[in-house]
Amino acid sequence: MEKKYRAKQASDSLLVGSLLSISGGLQDAYTYNIRDKVYANAQTGNIILLGQSAAEGQWGTALRYLLPVLAFVVGILLTEQIHNRFKVRGIALHWRHGVLLAEVVILAVVGFLPQQLNWLANVLVSLACAMQVQSFRELEGNSYATTMCIGNLRSGTENFYYWWKTRDETKLHKAKVYYVVILFFLLGATLGSVVSSHLAERTVLLCCPLLLLAAALMLRIRDRHLRFLALMTGAVEDEAILTGSAEPQAQ
């Protein structure tokens with residue numbers, strides 16, 4: 001029952017994952033086009049450029065790429081702190097709601113930073129990215145990421161291969177889910193690239209309604225699942241904070 005239900009948690013839904021992927025793609029396009037060509041979500045690229053800059057003795061440029069990497073690390077640590085301490089009674093909130101709201105605030109601040117503070121904008125976007133990627137790691141019970149595509153592309157293609165070999169419809173469904181997430185990431189990157197020429201620094205503000213909508217959908221889906229679970233089994237969703245009674249269980 002636990003594994004079957006965990007695949008249907010609010011944060012695991014395809015709709016929520018798609019909204020987060022649009023936001024992830026938009027953020028990457030934003031920092032590349034508007035904030036000194038830094039990939040705030042794809043730290044692999046920053047690490048490569050960091051090494052290249054260091055090899056050429058361009059220490060100022062190297063620092064520009066180092067700061068987002070460090071911010072990503074801090075974001076992971078901060079998310080785990082929220083995970084362990086976030087408790088709200090009286091409504092069926094989840095710690096991931098707190099992460100999304102924090103991300104909205106961070107990106108809203110970024111949208112009003114001038115070009116002279118591009119380094120700070122990239123640090124904050126990397127921080128928000130780390131919080132998102134650490135918080136949302138499963139889609140319909142399968143591992144995935146909303147701020148990068150390489151893992152999703154690998155998993156999607158692997159499942160497609162096994163469907164082709166076995167005609168297992170479950171594998172085909174998983175492949176489709178991964179490719180849908182990639183498609184929405186591409187949509188977000190395209191949107192960010194097009195809009196950035198018009199809104200410039202404010203482009204990142206488009207992520208805020210997407211994240212708020214994801215949070216609202218999670219709240220609605222979560223409430224429905226908790227009610228159904230309590231009615232049918234009397235069980236408690238793992239990590240759930242129920243109205244005034246249960247403590248969250250460890251992940």
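The chain is numbered in sequence order, starting from 1.
- Among all heavy-atom pairs drawn from S23 and L211, the shortest one is OG-CD2, 3.8 Å.
- Contact annotation: the side chain of V133 approaches that of F72 to within less than 4.5 Å [non-hydrogen atoms, C-beta and beyond].
- Residues F112 and E201 fail the side-chain proximity criterion, which asks for heavy atoms closer than 4.5 Å.
- Partner of I106 under the side chain to side chain contact (heavy atoms under 4.5 Å, CB included) criterion, chosen from V125, V204, L124: L124.
- Within 6.0 Å of CD1 on I150 lie no more than 12 heavy atoms contributed by other residues, nucleotides or ligands.
- Taking every heavy atom of both residues into account, A215 and H97 meet most closely at O-NE2, 3.2 Å.
- Summarising the local packing, OH of Y39 is surrounded by 12 or fewer heavy atoms from other residues, nucleotides or ligands at distances under 6.0 Å.
- Under a hydrophobic clustering in which Ile, Leu, Val, Met, Phe, Trp and Tyr are joined whenever their side-chain heavy atoms come within less than 4.5 Å, directly or via other members, M218 and L101 fall into the same cluster.
- Q43 approaches S126 most closely through the heavy-atom pair NE2-OG, 3.4 Å.
- L206 CG to L26 CG: the interatomic distance, rounded to the nearest 0.5 Å, is 6.0 Å.
- The nearest pair of heavy atoms linking L139 to S13 is CD1-O, 3.3 Å.
- In this structure, T31 contributes its side chain and D28 its backbone to a donor-acceptor pair below 3.5 Å.
- One finds the CD1 atom of I22 at 10.0 Å from the SG atom of C207 (value rounded to the nearest 0.5 Å).
- Remark: L107 CG to L205 CG distance equals 8.5 Å, nearest 0.5 Å.
- Proximity of L66 to L70: side-chain heavy atoms (C-beta onward) are separated by under 4.5 Å at one or more points.
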- [ ] Check step by step if side-chain contact (heavy atoms from CB on, under 4.5 Å) holds for W59 and R64.
- [x] CA-CA 9 Å; W59 302 111; R64 188 174 76 191; over 6 Å; no
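- The hydrophobic clustering, which links ILVMFWY residues whose side-chain heavy atoms are closer than 4.5 Å, places Y32 and L117 apart.
- The number of heavy atoms from other shown groups lying within 6.0 Å of CH2 (W119) does not exceed 12.
- The closest donor-acceptor contact from the side chain of D168 to the backbone of T170 lies under 3.5 Å.
- Residues Q115 and I34 form a side-chain contact, since some pair of their non-hydrogen atoms from C-beta on lies under 4.5 Å apart.
- A pairwise comparison of heavy atoms in F160 and A175 identifies N-CB, 3.7 Å as the closest pair.
- Note: the hydrophobic cluster containing L14 does not contain L172 (ILVMFWY, side chain heavy atoms under 4.5 Å, direct or indirect links).
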Open item on the list: Is there a side-chain contact (heavy atoms from CB on, under 4.5 Å) between W95 and S135? Walk through the geometry before answering.
Closed with: CA-CA 9 Å; W95 65 272; S135 302; 3.5 Å; yes
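- Looking only at distances, no side-chain donor or acceptor of T157 sits under 3.5 Å from a matching main-chain atom of R154.
- When the side chains of ILVMFWY residues are joined at heavy-atom separations under 4.5 Å, either directly or via intervening members, V180 and L210 end up in a single hydrophobic cluster.
- Linking ILVMFWY side-chain heavy atoms closer than 4.5 Å, directly or via other members, places L187 and L213 in a single hydrophobic cluster.
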Open item on the list: For M131 and I82: C-alpha separation, side-chain torsions, deciding distance, then whether side-chain contact (heavy atoms from CB on, under 4.5 Å) applies.
Closed with: CA-CA 10 Å; M131 295 175 69; I82 294 174; 3.9 Å; yes
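- Closest approach of V16 to A214, counting heavy atoms only: CG2-O, 4.1 Å.
- With hydrogens and angles left out, the side-chain atoms of Q27 and T147 include no donor and acceptor closer than 3.5 Å.
- A distance of 11.0 Å separates CG in L217 from CG in L212, rounded to the nearest 0.5 Å.
- Here CD1 of I47 is found 14.0 Å from CD of Q52. Values are rounded to the nearest 0.5 Å.
- When side chains are defined from C-beta on, T203 counts as touching V195, because their heavy atoms get closer than 4.5 Å.
- Within 6.0 Å of OH on Y179 lie more than 12 heavy atoms contributed by other residues, nucleotides or ligands.
- A donor and an acceptor atom, one from each side chain of R35 and N122, are nowhere located under 3.5 Å apart.
- No hydrogens or angles considered: a donor-acceptor pair under 3.5 Å links the side chains of E140 and H173.
- Note that the CE atom of M148 and the OG atom of S21 stand 11.0 Å from one another [nearest 0.5 Å].
- If you check the side chains of R137 and Y144, you find no donor sitting under 3.5 Å from an acceptor.
- The closest donor-acceptor contact from the side chain of S53 to the backbone of L50 lies at 3.5 Å or more, if one exists at all.
- L113 is listed as a side-chain neighbour of L120, based on a closest heavy-atom distance under 4.5 Å.
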- [ ] Under the side-chain contact (heavy atoms from CB on, under 4.5 Å) rule, what do N142 and Y178 come out as? Steps first, then yes or no, please.
- [x] CA-CA 9 Å; N142 301 292; Y178 281 115; 3.3 Å; yes
